[in-house]
Number of protein chains: 2
Amino acid sequence: MTSLPSGRRAARGPLSAAASRRVERPAPLRQAVYDALLELIVNRTLAPGQHLVEAELAEYLGVSRQPVREALQRLQTDGWVDLRPAQGAFVHTPTEEEADQLLAVRSVLETYSAKLAAEHATAQDVKQLKKLQKAGEDALAAADVDRLVEANANLHAAVASIGRNKVLSEMIGLVDRRVRWYYTPIARPRSRDSWNEHAELIAAIADGDAERAGEVMHRHAEQTRQTYHDQKTTEGN
Amino acid sequence: MTSLPSGRRAARGPLSAAASRRVERPAPLRQAVYDALLELIVNRTLAPGQHLVEAELAEYLGVSRQPVREALQRLQTDGWVDLRPAQGAFVHTPTEEEADQLLAVRSVLETYSAKLAAEHATAQDVKQLKKLQKAGEDALAAADVDRLVEANANLHAAVASIGRNKVLSEMIGLVDRRVRWYYTPIARPRSRDSWNEHAELIAAIADGDAERAGEVMHRHAEQTRQTYHDQKTTEGN
DNA sequence: ACCGGCAAGATTGCATACAGTATACGGACA
DNA sequence: TGTCCGTATACTGTATGCAATCTTGCCGGT
């Protein structure tokens, strides 16, 4: 793949097949570049610490330096790259300290998110959660790690969105993605426990029991944090 | 003021006066532009909803469109402007809903921050907090609103920084600034109460009592939230 | 052999130029 | 008179160009 799907000039057929009701502003290239680069970072094609040269990325993606610059700057504010003045962009290198801080913040945010979810969840919402839970169970049974990771992310995102606090769920989205990036390379041993906790969580939300939902989520998050920490400290053996 | 202090080409005297030990990379223009624009937004020179034309801002600030664009994009991710594709930037218009969501998130984050502060505070830290508290009391006595607002922000920032969680304190910084922007235009009647709560908070932190510090901060934040809400609902009278 | 200075190449940061889209205005037609 | 359509203008999005700066490697001195 050497260039982006240039959706920019996508010829919109004249009312073709009742498609695209919405006005559909052409998404700026920088967004596509942002997504592409983030993907490359997350899947470690671009390694932590690596120097990202604007011109190279531009050529690789088939665009000019401009959108690349803009994407890199947003990647910086979102914590994925470090931008050193007059030196350029470097893929952010996670430290243990930072990972722990992120896990702590996530724990706090998601605990609150779970409480809100319990307060706001409709029958519809609960149904959706159970569906996501099942997807996770299936992935677990199939031992499909990729699907499991995705199901996990989806479930947490769903809980956040049920809380009806956009600011909160966007924040959780950002933090969560970074945490997973740090966490992924490490063995992920407690899947079974984790999904049991999810079941508990959903039950609490279904009951509208905010206190319990918060408590379960807190335990869940701290469990993860503990696991991460244990992994790290026994790593050198 | 029509142009930025062009620190870029600042002639660095050859080892002049032992100044600048640190390498001191020249701060990119976009950062100066970001600061300038944010100031203009916060002090309402640029009103919510206003269309920000890149060329105008560029001329006003004495730079090209490029750094302005980059600043605007970061202002977007930080929630100060909305960037509509092919239409440009508009100063973000706060909604009541969003304000409440931000207040809720801030409450959660600062509660945690207070707990951390209580766990980590050194004698030095406590001394600093008391100094900030005194600054606030002075401003209160002098009925100096500007200084009071600043003292308030400083105190909260100090508490956050004591917690030794950078991720957390940066987040609080962003959220807090936005909340203050929304909140400021509204009458700020509970200054006295607020600073009494600060005193309680500092006492709890000094005792290293995380539970109590968290509880006080939570009460403090929810109090503010309630005040905001009351103001809003009685506004039309 | 090691250190400091110097020059060449590489890369960023900023400015300018160009292309494409959205909005506003005005005239033709019902 | 009101509405629709076409054109003109304004502004954004992207590309390219230029100057300043950082980095690297080489050379001379010690």
Side-chain angles (χ1 to χ4, degrees), chain A residues 3-12 14-15 20 22-37 46 49-77 81-91, chain B residues 3-15 20 22-37 46 49-76 81-91:
Chain A
S3 76
L4 259 35
S6 99
R8 181 144 185 79
R9 299 288 168 270
R12 225 178 306 153
L15 292 185
S20 90
R22 208 164 291 266
V23 201
E24 201 174 314
R25 314 273 185 190
L29 257 191
R30 60 172 178 273
Q31 181 60 43
V33 173
Y34 176 94
D35 293 340
L37 291 182
L46 301 175
Q50 182 171 344
H51 185 191
L52 302 179
V53 178
E54 293 175 3
E56 284 178 16
L57 298 177
E59 192 190 8
Y60 176 70
L61 296 170
V63 300
S64 79
R65 276 179 56 210
Q66 198 53 38
V68 173
R69 274 182 73 75
E70 297 176 355
L72 286 175
Q73 285 172 31
R74 193 170 142 221
L75 284 169
Q76 175 180 48
T77 73
V81 308
D82 299 318
L83 231 44
R84 299 199 283 225
Q87 288 185 260
F90 298 79
V91 178
Chain B
S3 78
L4 259 35
S6 97
R8 179 140 186 82
R9 299 287 167 268
R12 225 177 307 152
L15 290 187
S20 92
R22 205 166 294 267
V23 202
E24 202 174 315
R25 315 276 184 186
L29 253 193
R30 58 171 180 273
Q31 180 60 42
V33 173
Y34 177 93
D35 293 340
L37 291 182
L46 301 175
Q50 183 171 344
H51 185 191
L52 302 179
V53 178
E54 292 174 3
E56 284 178 16
L57 298 176
E59 193 191 7
Y60 176 70
L61 296 170
V63 300
S64 80
R65 276 179 56 208
Q66 200 53 38
V68 173
R69 275 182 73 74
E70 296 176 355
L72 285 174
Q73 284 171 30
R74 193 170 140 221
L75 284 169
Q76 175 179 48
V81 309
D82 299 319
L83 230 45
R84 299 198 284 228
Q87 287 183 265
F90 298 79
V91 179

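Computed from a predicted structure; not experimentally measured. Letters go in sequence order (proteins before strands), and every chain restarts at 1.
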Q: Kindly write out the residues that satisfy salt bridge (Lys or Arg N to Asp or Glu O under 4.0 Å) with B/Arg65, not counting sequence neighbours, or none if the list is empty.
A: B/Glu54
Q | From B/Leu37 atom CG to B/Tyr60 atom OH, the distance as rounded to the nearest 0.5 Å | A | 9.5 Å
(Q) Without decimals, in angstroms, what is the distance between B/Leu57 CG and C/dC14 P? (A) 16 Å
Q. In whole Å, what is the span from the CD atom of A/Gln31 to the C1' atom of D/dT12?
A. 17 Å
Q: Take the C1' atoms of the five end pairs on each side of the helix from C/dA1-D/dT30 to C/dA30-D/dT1, derive the two axes, and give their angle rounded to 10 degrees.
A: 0°
Q.
So, taking the atom named CG in A/Leu57 and the one named CG in A/Leu46, what distance separates them when rounded to the nearest 0.5 Å?
A. 7.0 Å
Q) Looking at B/Arg69, B/Gln73, B/Arg74, B/Glu70, which hits side-chain hydrogen bond (donor to acceptor under 3.5 Å, both in side chains) with A/Gln73? A) B/Glu70
What nitrogen or oxygen pairs link the protein and nucleotides 5-12 of chain C at under 3.5 Å?
| residue | atom | partner | partner atom | Å |
| --- | --- | --- | --- | --- |
| C/dT12 | OP1 | A/Leu52 | O | 3.4 |
| C/dT12 | OP1 | A/Glu54 | N | 3.3 |

Q) What is the distance from atom CG of B/Leu83 to atom CZ of A/Arg30, rounded to the nearest 0.5 Å? A) 5.5 Å
Q: Indicate the atoms forming the closest heavy-atom contact of B/Ala71 with B/Tyr34, along with that distance.
A: CB-N, 3.7 Å
(Q) If I take atom CG from residue B/Leu75 and atom CG from residue B/Asp35, how far apart are they, to the nearest 0.5 angstrom? (A) 9.5 Å
Q. Out of curiosity, A/Arg84 CZ to A/His51 NE2, how far, rounded to the nearest 0.5 Å?
A. 8.0 Å
Q.
Just the rounded figure in Å: distance from P of C/dA15 to CZ of B/Arg30.
A. 13 Å
Q: Specify the separation, in whole Å, of atom CD of B/Glu59 and atom P of C/dC14.
A: 19 Å
